[in-house]
Peer 1: 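I have a structure here, written as structure tokens, and I will follow up with some questions on it.
Since the structure is predicted, the reported quantities are computational estimates derived from the model, not experimental observations. Counting from 1, the numbers follow the sequence of the chain as shown.
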Amino acid sequence: MFKKINFQFLISYFGLIPYVLTFFDKYYFLIVEEEHLLSFITYYSLIIIVFIGSINWNLKNNPPTHIVIYGFLPSLFAVMIIILSLLNINILIIFILITLLLLTQLFFDYIILFANEINKKAFYFLRLPLTVLIVIFLLLISL
């Protein structure tokens, strides 16, 4: 029974739980102050962006330079967004930047990593739906 379940996919979808909980707390439970919720979801989203970038690093082989740079860029952009957040830039602008970063990362992941792959299952059943759901939650939470 467990052989049919891809635990990597399952655990990846569990990554949506903080977005769901944040959404419900903001609109229904009202337990946590909105400012804290928005800060949390900002930093959590940045962790996801950096994680997605880091999975492109293959430390066992000598990957092409463009893949190494591509894997590093999300970390650089995350630091820039953290700095903007610490400078008290409007949270809506930060959420827009995170959304654009996620969508840009999705686009380039397809072009750089998945376009030449025969099996695009990971892209169509994991990467694409998770990114779309995260973007939807970010938009709903930012309203």
Peer 1: In Å and rounded to the nearest 0.5 Å, what is the CD1 to CZ distance from Ile112 to Phe107?
Peer 2: 9.5 Å
Peer 1: Check for me, please, whether Leu140 and Tyr44 land in the same ILVMFWY cluster - side-chain distances under 4.5 Å, paths through other members count.
Peer 2: yes
Peer 1: If I take atom CG from residue Leu101 and atom CG from residue Leu106, how far apart are they, to the nearest 0.5 angstrom?
Peer 2: 11.5 Å
Peer 1: When you measure from the side chain of Tyr70 to the backbone N and O of Asp109, does any donor-acceptor pair fall under 3.5 Å?
Peer 2: yes
Peer 1: With a 4.5 Å cut-off on side-chain heavy-atom distances among I, L, V, M, F, W and Y, is there a chain of contacts connecting Ile82 to Ile48?
Peer 2: yes
Peer 1: According to the interplanar angle, ranging from 0 to 90°, do the rings of Tyr28 and Phe23 count as parallel (below 30°), tilted (30 to 60°) or perpendicular (above 60°)?
Peer 2: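 The rings of Tyr28 and Phe23 stand perpendicular, inter-plane angle above 60°.
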Peer 1: Quick check for you: to the nearest 0.5 Å, what is the distance between Ile47 atom CD1 and Ile52 atom CD1?
Peer 2: 12.0 Å
Peer 1: So, for Gly53 and Pro74, which heavy atoms are closest and what is the spacing to 0.1 Å?
Peer 2: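 Scanning both residues completely, I find the closest heavy atoms to be CA-CG, 3.8 Å.
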Peer 1: Is it the case that one hydrophobic cluster holds both Phe9 and Tyr110, taking links as side-chain heavy atoms less than 4.5 Å apart, direct or via other members?
Peer 2: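 In one cluster: yes.
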Peer 1: Can you tell me how far OG1 of Thr22 sits from NE2 of His36, rounded to the nearest 0.5 angstrom?
Peer 2: 13.0 Å
Peer 1: Donor-acceptor pair, Gln105 side chain versus Ile49 backbone, under 3.5 Å?
Peer 2: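 Judged by distance alone, yes, a pair lies under 3.5 Å.
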Peer 1: Using every non-hydrogen atom in the two residues, find where Phe114 and Ala122 come nearest and quote the distance to one decimal.
Peer 2: CE2-CB, 4.1 Å
Peer 1: How close do Leu126 and Ser12 get, heavy atom to heavy atom, and via which atoms?
Peer 2: CD1-CB, 3.3 Å
Peer 1: Where is the tightest heavy-atom contact between Arg127 and Leu102, given as atom of each residue plus distance?
Peer 2: NH2-O, 4.4 Å
Peer 1: What's the shortest heavy-atom distance between Ile81 and Ile94, and which atoms?
Peer 2: CG2-CG2, 3.8 Å
Peer 1: When you measure from the side chain of Tyr19 to the backbone of Ile41, do you find a donor-acceptor pair of N or O atoms at a distance under 3.5 Å?
Peer 2: no
Peer 1: I'd like to know if the side chain of Lys26 and the backbone of Leu38 have a donor-acceptor N/O pair within less than 3.5 Å.
Peer 2: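 Not at all, since once roles are kept as given, no pair shorter than 3.5 Å links the two residues.
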Peer 1: Between Leu100 and Leu138, is there a shared hydrophobic cluster once you connect ILVMFWY residues whose side-chain heavy atoms come closer than 4.5 Å?
Peer 2: no
Peer 1: Any chance OH of Tyr27 has more than 12 other-residue heavy atoms, nucleotides or ligands included, within less than 6.0 Å?
Peer 2: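 Yes, the 6.0 Å shell around OH holds more than 12 heavy atoms from other groups.
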Peer 1: Any link between Tyr43 and Ile96 through a network of hydrophobic side chains (Ile, Leu, Val, Met, Phe, Trp, Tyr) touching at under 4.5 Å?
Peer 2: no
Peer 1: A quick test of your reading: do over 12 heavy atoms of other residues, nucleotides or ligands sit less than 6.0 Å from NZ of Lys121?
Peer 2: no
Peer 1: Within a radius of less than 6.0 Å around OH of Tyr13, do more than 12 heavy atoms belonging to other residues, nucleotides or ligands occur?
Peer 2: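 Counting neighbours around OH of Tyr13, more than 12 heavy atoms of other residues, nucleotides or ligands fall under 6.0 Å, so yes.
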Peer 1: Using side-chain heavy atoms (C-beta onward) and a distance below 4.5 Å, is Leu37 in contact with Ile141?
Peer 2: no
Peer 1: Say you draw a straight line from OG of Ser85 to CD1 of Ile98; how long is it, rounded to the nearest 0.5 Å?
Peer 2: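 Ser85 OG to Ile98 CD1: 8.0 Å, rounded to 0.5 Å.
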Peer 1: Could you state the interatomic distance from CD1 (Ile134) to CG (Leu139), rounded to the nearest 0.5 Å?
Peer 2: 12.0 Å
